[in-house]
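Here is the structure we will look at, set down as structure tokens.
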Amino acid sequence: GASFTFAGGYNDPAPLAANGHRTTAVVAIDAAVFRSHTVQFSDAAIARELRKASAGFAPHPALDASRPRAVVTGNWGCGAFGGDPELKFVLQWLAASTSGRSMVYCTFGDPAFAAAAAAMVDTVRAAATTVAGLYSLIREFAEVVSPPLSPAGTSKPRKKVPSLFKFLHFALRPPSP
């Protein structure tokens, strides 16, 4: 609108490297379009998104020589592209973890999702599960949400996808005494 005007240059407080460049990097990762919500839970879609995030979050030798810095990310591909925020959160967390990076997740003013994601992190940490263990649970959830094709070449995906976070909370709950 008319109120959006240039107010001056931005002074970046990020430190400079020996070559005089900023010690930050911006990485853009393309997102797949999911016209059907259940498609993103297929093995192929999960593998693609995890590979993309892993490639984007991989440490860069020139920038991460001493210690990989945190990845700052958010609901990648969740708006017009139809991505599931819970799935994207967990996949990006897996990718950041395998890259040796911490993750700062921006929920863009969604306090309910911020609280749900924080509770998910607490549950996973309390269960002391591994990246491989969490990935296996995502695959288990995916089999329910996006069943493989039958021998006849058809499947009946769910109309409404249940919450991945609820599934993980249930699967990772402590055993009853």
Side-chain angles (χ1 to χ4, degrees), residues 13-14 23-34 37-60 63-64 66-146 158 160-177:
T23 59
T24 58
V26 175
V27 176
I29 305 171
D30 73 312
V33 176
F34 296 109
H37 194 72
T38 57
V39 170
Q40 65 195 296
F41 292 95
S42 70
D43 286 344
I46 288 171
R48 179 211 184 267
E49 300 298 80
L50 192 52
R51 278 192 309 271
K52 285 284 191 171
S54 295
F57 298 170
H60 187 283
L63 296 173
D64 300 304
S66 62
R67 182 174 82 76
R69 285 170 300 208
V71 169
V72 180
T73 188
N75 293 341
W76 163 49
C78 293
F81 291 91
D84 183 272
E86 294 179 5
L87 177 62
K88 294 299 183 105
F89 172 83
V90 176
L91 291 177
Q92 289 180 90
W93 187 21
L94 294 177
S97 296
T98 59
S99 297
R101 296 181 183 271
S102 57
M103 183 174 79
V104 176
Y105 199 88
C106 302
T107 60
F108 302 100
D110 186 345
F113 187 75
M120 185 76 270
V121 169
D122 291 344
T123 296
V124 170
R125 287 184 174 155
T129 194
T130 62
V131 168
L134 191 53
Y135 180 74
S136 292
L137 288 172
I138 293 169
R139 299 280 312 279
E140 186 178 321
F141 177 79
E143 287 178 17
V144 173
V145 173
S146 184
R158 293 172 168 256
K160 179 155 174 40
V161 175
S163 166
L164 174 61
F165 283 178
K166 285 181 183 175
F167 174 84
L168 293 173
H169 284 298
F170 182 79
L172 295 169
R173 74 189 183 289
S176 300

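Bear in mind the structure is a predicted one, so any value in this text is a computation, not a measurement.
- Rounding to the nearest 0.5 Å gives a distance of 9.5 Å between CG of Asn75 and NZ of Lys88.
- Residues Phe41 and Ile46 approach most closely at O-CD1, 3.5 Å, considering heavy atoms.
- Aromatic ring orientation, Phe165 versus His169: perpendicular (interplanar angle above 60°, classes split at 30° and 60°).
- When atom types are taken as modelled, the side chain of Gln92 and the backbone of Gly74 share a donor-acceptor pair closer than 3.5 angstrom.
- Leu168 places none of its side-chain heavy atoms less than 4.5 Å from the side chain of Thr123.
- Without hydrogens or angle criteria, Glu86 side chain to Lys166 main chain gives no donor-acceptor distance under 3.5 Å.
- Nearest approach of Arg101 to Phe57, heavy atoms of both residues: NE-O, 2.6 Å.
- One finds the CD1 atom of Ile29 at 5.5 Å from the CH2 atom of Trp76 (value rounded to the nearest 0.5 Å).
- Side-chain atoms of Arg125 never come within 3.5 Å of backbone atoms of Asp122 as a donor-acceptor pair (strictly under, hydrogens ignored).
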Q: Check the pair Thr107 / Phe89 against side chain to side chain contact (heavy atoms under 4.5 Å, CB included), numbers first and verdict last.
A: CA-CA 10 Å; Thr107 60; Phe89 172 83; over 6 Å; no
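- Counting only heavy atoms from C-beta outward, the side chains of Leu50 and Thr98 never approach each other to under 4.5 Å.
- With hydrogens and angles ignored, the 3.5 Å screen pairs a side-chain donor or acceptor of Asp110 with a backbone N or O of Phe113.
- Atoms CG and CG, from Leu172 and Leu134 in turn, are 7.0 Å apart once rounded to the nearest 0.5 Å.
- Considering only heavy atoms from C-beta on, Leu164 stays 4.5 Å or farther from Val145 through its side chain.
- Between Pro59 and Ser99, the closest heavy-atom pair is CG-O, 3.5 Å.
- Side-chain contact check for Tyr135 versus Thr130: every heavy-atom pair is 4.5 Å or farther apart.
- The salt bridge (Lys or Arg N to Asp or Glu O under 4.0 Å) test applied to Arg48 returns Asp30, not counting sequence neighbours.
- The side chain to side chain contact (heavy atoms under 4.5 Å, CB included) check on Ala70 picks up Ser102, Val104, with sequence neighbours excluded.
- A donor-acceptor pair under 3.5 Å is formed between the side chain of Gln40 and the backbone N or O of His37.
- Taking the six-membered ring for Trp and thresholds of 30 and 60 degrees, Phe167 and Phe141 have ring planes inclined between 30 and 60 degrees apart.
- Looking at residues two or more places apart in sequence or on another chain, you find a side chain to side chain contact (heavy atoms under 4.5 Å, CB included) between Val39 and Phe34, Ser36.
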